[in-house]
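Some notes on the structure that comes next.
Atoms within a ligand are numbered from 1 in the order they appear, just like the ligands themselves.
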Amino acid sequence: MHQAKLTIDPAFKVAPVRRRTFGTFVEHLGRCVYTGIYEPGHPTADEDGFRRDVLRLTRELGISTVRYPGGNFVSGYRWEDGVGPKDRRPRRLDLAWHSTETNEVGVDEFVRWCRKADAEPMMAINLGTRGIEAALDLLEYCNHPSGTTLSDLRAANGAKEPHAIRMWCLGNEMDGPWQTGHKTAREYGRLAAETARAMRMVDPGLELVACGSSSSSMPTFGAWEAEVLEETYDLVDYISCHAYYEEKDGDLGSFLACSTNMEYFIRSVVATADHVGARLKSRKRIDISFDEWNIWYLSRFQNAEPPTDWPVAPRLLEDHYHLADAVAFGGLLITLLANSDRVTAASLAQLVNVIAPIMTEPGGRAWKQTTFHPFAQASRHAAGDVLRIEPVSPSYETADYGDVPLLHAVATHSEEGTTLFAVNRSADGPLSLEIDARALGGKRIVEATTLTDADVYARNTADEPDRVAPRANPDVEHDPMRVLLPPVSWNVIRLG
Ligand code: AHR
């Protein structure tokens, strides 16, 4: 039997839990918008054409921000196409996803949907095919109260109150050669700086995100962040990180340890940002917006035949997640939480149908993927401060990351209670976890759940939506506190 232990002490504070860690992402891609959040004619559609079943699951997921409208899509997007009477909106080619965009949903519908979902909108601007002027126009349309052509147009389109969008992404993945309007770091850094400067003339209080690297394996990784921040340091608040992981060649051990790469990514970007800050003699600190992260079987997408037609809302990137995906996903969430001192915003990419925790059938059912559960549980129970837990754990050898601990965990603590989020990466047996919570003064385990399955590749489907769901963990001892974590499992242990 594997044995591990950890210590929960409110004195080991990392940072406050950031609600924006639980952000997500809605892109005009595949069926995320059309037949995802929006489907007029669906039996559950509301007066705006939004699916109520998806809204209900979105609220249950507990999201904070929603990044929109892309993603790669934004780099060719004309926001004006998506406002005004729907029957006059143009249909356009979407080069990013080889699709036809009908523009039935645009910024006004998106913000309306966010209000219904209890979420904060986070807007990305097009710095691929467009630039400063279009960014300023969109900002004025969204946020200016009234009395200008664009703000009055918003009111005429039904949104009298300003959308009051605070967080803005200055483009998307501009380091990627696949991006429409891809740029070098210097080119992008200059454009981002001048766009940020102009946007701050409209509203100095905006929170602006400069594009970092599309992954830590990009050839320009590190140099890109340094050059972009040299141009933008005083003008932005965040640098972005994007990372996707998948199980490759049946190497489950490496896959379950993929958060090791996310940890390396975060540390490297923090070090690079702080280095630029030191060189600029700046007292300001740049935080990370990890605004795309998830499990994504990207290799399947890349190996598929390239499309020849231009469909509306095709089935794209509809990965069906299994238990092991959810456990690897849980490890990524633990890593984001554990780095809350510098990762102060994040967006799970994406929300519905497209590499998503929520799936839908057009005209039919909506259900939860396995990855829904770690996100919903962490969003619900992470509160107060994030704590270091000083784990002592056996390790195992992985091909990609060398020696990695079997236990991966983080705790949060508030007046209302303390919660431990823990993953057992072992595929060959349970992990007996001893919890030293003496510093909490007589607290007991009030709830322990585990997400696991005898088959690590078990999935949820529309017919069997609860095959993989959190269940009460029966293997709990109170004195000393001990919980048996099943092999390949995500666990939530609440003390009160
Ligand atoms: O989330 C899917 C895609 O992944 C996004 O459009 C892009 O930004 C990233 O490469």
Side-chain angles (χ1 to χ4, degrees), residues 23-34 36-37 63 65-77 93-99 101 110 122-129 167-183 188 192 209-221 224 228 238-246 258 261-262 265 288-304 306-307 313-319 321 325 329 332 345-359 369 371 375:
T24 179
F25 178 27
V26 165
E27 178 167 5
H28 285 252
L29 192 183
R31 299 194 306 116
C32 188
V33 173
Y34 305 113
I37 65 169
I63 64 171
T65 53
V66 189
R67 184 168 174 254
Y68 175 87
N72 297 341
F73 172 80
V74 79
S75 296
Y77 184 52
L93 293 184
D94 162 20
L95 304 187
W97 301 107
H98 216 278
S99 307
E101 174 54 50
F110 167 66
M122 172 177 171
M123 189 64 59
I125 58 169
N126 176 356
L127 290 187
T129 59
M167 253 187 119
W168 295 74
C169 301
L170 303 170
N172 176 69
E173 294 192 349
M174 300 308 300
D175 62 327
W178 58 86
Q179 201 69 212
T180 315
H182 159 62
K183 293 172 177 51
Y188 168 69
V209 186
C211 289
S213 293
S214 308
S215 94
S216 61
S217 59
M218 292 298 286
T220 50
F221 176 56
W224 174 275
V228 167
Y238 303 87
I239 183 93
S240 70
C241 294
H242 290 181
Y244 295 99
Y245 301 94
E246 63 184 301
C258 65
N261 172 270
M262 183 186 250
F265 196 165
I288 292 178
S289 169
F290 216 117
D291 49 39
E292 288 189 31
W293 69 272
N294 203 349
I295 309 303
W296 177 10
Y297 286 81
L298 179 60
S299 53
R300 286 183 205 148
F301 174 69
Q302 288 168 333
N303 295 336
R315 287 184 181 273
L316 284 176
L317 281 50
E318 298 199 7
D319 285 356
Y321 295 118
D325 292 327
F329 179 102
L332 299 175
S347 305
L348 167 64
Q350 300 192 1
L351 180 65
V352 192
N353 291 327
V354 173
I355 46 173
I358 300 170
M359 295 300 289
Q369 295 238 52
T371 54
F375 191 101

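Atom 1 (O) of ligand 1 has as its closest protein heavy atom Tyr244 OH, 2.8 Å. Regarding atom 2 (C) of ligand 1, its nearest protein heavy-atom neighbour is Gln350 NE2, 3.6 Å. Among all non-hydrogen protein atoms, the one lying nearest atom 7 (C) of ligand 1 is Asn72 OD1, 3.2 Å.
Near Glu173, the atoms of ligand 1 lying under 4.0 angstrom from a non-hydrogen atom of the residue are 7 (C), 8 (O), 9 (C), 10 (O). Interface of Glu27 with ligand 1, defined as ligand atoms under 4.0 Å from a residue heavy atom, comprises 5 (C), 6 (O). The atoms of ligand 1 that sit less than 4.0 Å from any heavy atom of Trp97 are 3 (C), 6 (O).
The aromatic rings of Phe301 and Trp97 lie tilted to each other, with the angle between the two planes from 30° to 60°.
By the 4.5 Å heavy-atom criterion applied to side chains, Ile295 and Asp319 are not counted as neighbours.
In Val354, neither the side chain nor the backbone holds a heavy atom less than 4.0 Å from any atom of ligand 1. Contacts with ligand 1 closer than 4.0 Å are made by no heavy atom of Trp293, backbone or side chain.
Rounding to the nearest 0.5 Å places NE2 of His28 at 5.0 Å from CD of Glu101.
At a cut-off of 3.5 Å, with distance as the only test, no side-chain donor of Ser75 or Asn172 sits close to an acceptor on the other residue. A side-chain donor-acceptor contact under 3.5 Å links Ser216 and Asn261.
With sequence neighbours excluded, the residues satisfying side-chain contact (heavy atoms from CB on, under 4.5 Å) with Ala210 are Tyr188, Val228, Thr232, Val236, Ile239.
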Inset, instruction - May I have the step-by-step check of ring-ring contact (aromatic ring centres under 6.0 Å, His included) for Trp293 and Phe329, ending in yes or no? - result: CA-CA 9 Å; Trp293 69 272; Phe329 179 102; 4.8 Å; yes
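Where the criterion is an N or O separation shorter than 3.5 Å, residue side chain and backbone included, Trp178 fails it with respect to ligand 1. In terms of polar-atom proximity, Trp296 is not counted as a contact of ligand 1, lacking any N or O under 3.5 Å from an N or O of the ligand. Checked against a 3.5 angstrom limit, the closest N/O atoms of Glu292 and ligand 1 fall inside it.
Side-chain N or O atoms of Asp291 include none that pairs as donor or acceptor with a backbone N or O of Arg67 at under 3.5 Å.
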